[in-house]
Amino acid sequence: MQPPNSLKHAPVYERIYAIARQIPPGKVATYGQIAAMVGSCTARMVGYAMAALPYGSDVPWQRVINRQGKISLRAGGGGSRQRQLLEAEGVHFDPKTDSVDFNQVGWSGPDWEWLDYHGFQPAPVWGRRKDEK
DNA sequence: CTTCTGACGAAAT
DNA sequence: CATTTCGCCAGAA
């Protein structure tokens, strides 16, 4: 029997949100990074999940950014809001490139105990291009 | 029921 | 360096 909090069989979005909620203040994770931890998930799906979050969600959506260390915003704007929240947490943006330094604020993911307890397994291969190989 | 579409990212071209 | 292709969830119309 799985632990009561196991998310091994939970919907993908739920698994994504669970991981995102573990990102500590002052740190950031990328869409692809979260997808890899969730397993059977792509960076795009993480983006979809973030976009589907209701206003006032307990998920720290502002700590999820793209691989270039920049903020990905929805059509329309609101990006300044996200940057403001991150800077308030101590995340520094290079004024020249408008990107963050992953070596400085990059998140390494939950500790192995958390992952194991919630039924997450090491992410296998996730983006096989072409039909094989 | 079907169709549309939205915070991404890596490899190939 | 710029563009294209593909992965394939969830909710609205």
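Lettering of chains follows the sequences in order, A, B, ..., and the numbering in each one begins at 1.
- Within a 6.0 Å radius of CD in A/Glu87, more than 12 heavy atoms belonging to other residues, nucleotides or ligands are found.
- Counting to the nearest Å, the P atom of B/dA7 and the CG atom of A/Leu53 are 13 Å from each other.
- Not less than 6.0 angstrom separates the ring centroid of A/Phe102 from the ring centroid of A/Trp107.
- Whole-Å rounding puts the A/Tyr13 OH to B/dC8 C1' distance at 12 Å.
- In this structure, CD1 of A/Ile19 is placed 17 Å from C1' of C/dC9, rounded to the nearest angstrom.
- Across C/dA10, B/dA7, B/dA10, the shortest atom-to-atom separation from the side chain of A/Val12 is found for C/dA10.
- Between the side chain of A/Arg44 and the base of C/dG7 there is at least one donor-acceptor pair of N/O atoms closer than 3.5 Å.
- The distance from atom CE of A/Met45 to atom P of C/dC6 is 18 Å, rounded to the nearest whole Å.
- Residue side chain A/Tyr48 meets the stacking definition with respect to B/dG6: its ring centre sits within less than 5.5 angstrom of the base's six-membered ring centre, and the planes differ by less than 30 degrees.
- Here C/dA10 is the nucleotide among B/dC8, B/dA7, C/dA10 with the atom lying nearest to any side-chain atom of A/Pro11.
- In the set B/dA7, B/dG6, B/dC8, the nucleotide with an atom closest to the side chain of A/Ala43 is B/dC8.
- Geometrically, A/Arg83 engages A/Phe93 in a cation-pi contact defined by less than 6.0 Å to the ring centre and at most 45° from the axis.
- Rounded to whole Å, atom C1' of B/dG9 lies 9 Å from atom CZ of A/Arg67.
- Proximity of A/Ser57 to A/Tyr17: side-chain heavy atoms (C-beta onward) are nowhere separated by under 4.5 Å.
- One can place CZ of A/Arg63 at 16 Å from C1' of B/dA7, the figure rounded to the nearest angstrom.
- A/Ile34 places its CD1 atom 22 Å from the P atom of C/dG7, with the value rounded to the nearest Å.
- The shortest non-hydrogen separation linking A/Glu89 to A/Pro25 is OE1-CA, 3.7 Å.
- In the set B/dG9, B/dA7, B/dG6, B/dA7 carries the atom at the smallest distance from any side-chain atom of A/Arg74.
- To the nearest angstrom, P of B/dG6 lies 13 Å from CG of A/Leu73.
- With distances taken from any side-chain atom of A/Trp61 to the nucleotides B/dA7, B/dC8, C/dA10, the minimum falls on B/dA7.
- Of the listed nucleotides (B/dA10, B/dA7, C/dA10), B/dA7 has the atom at the smallest distance from the side chain of A/Ser72.
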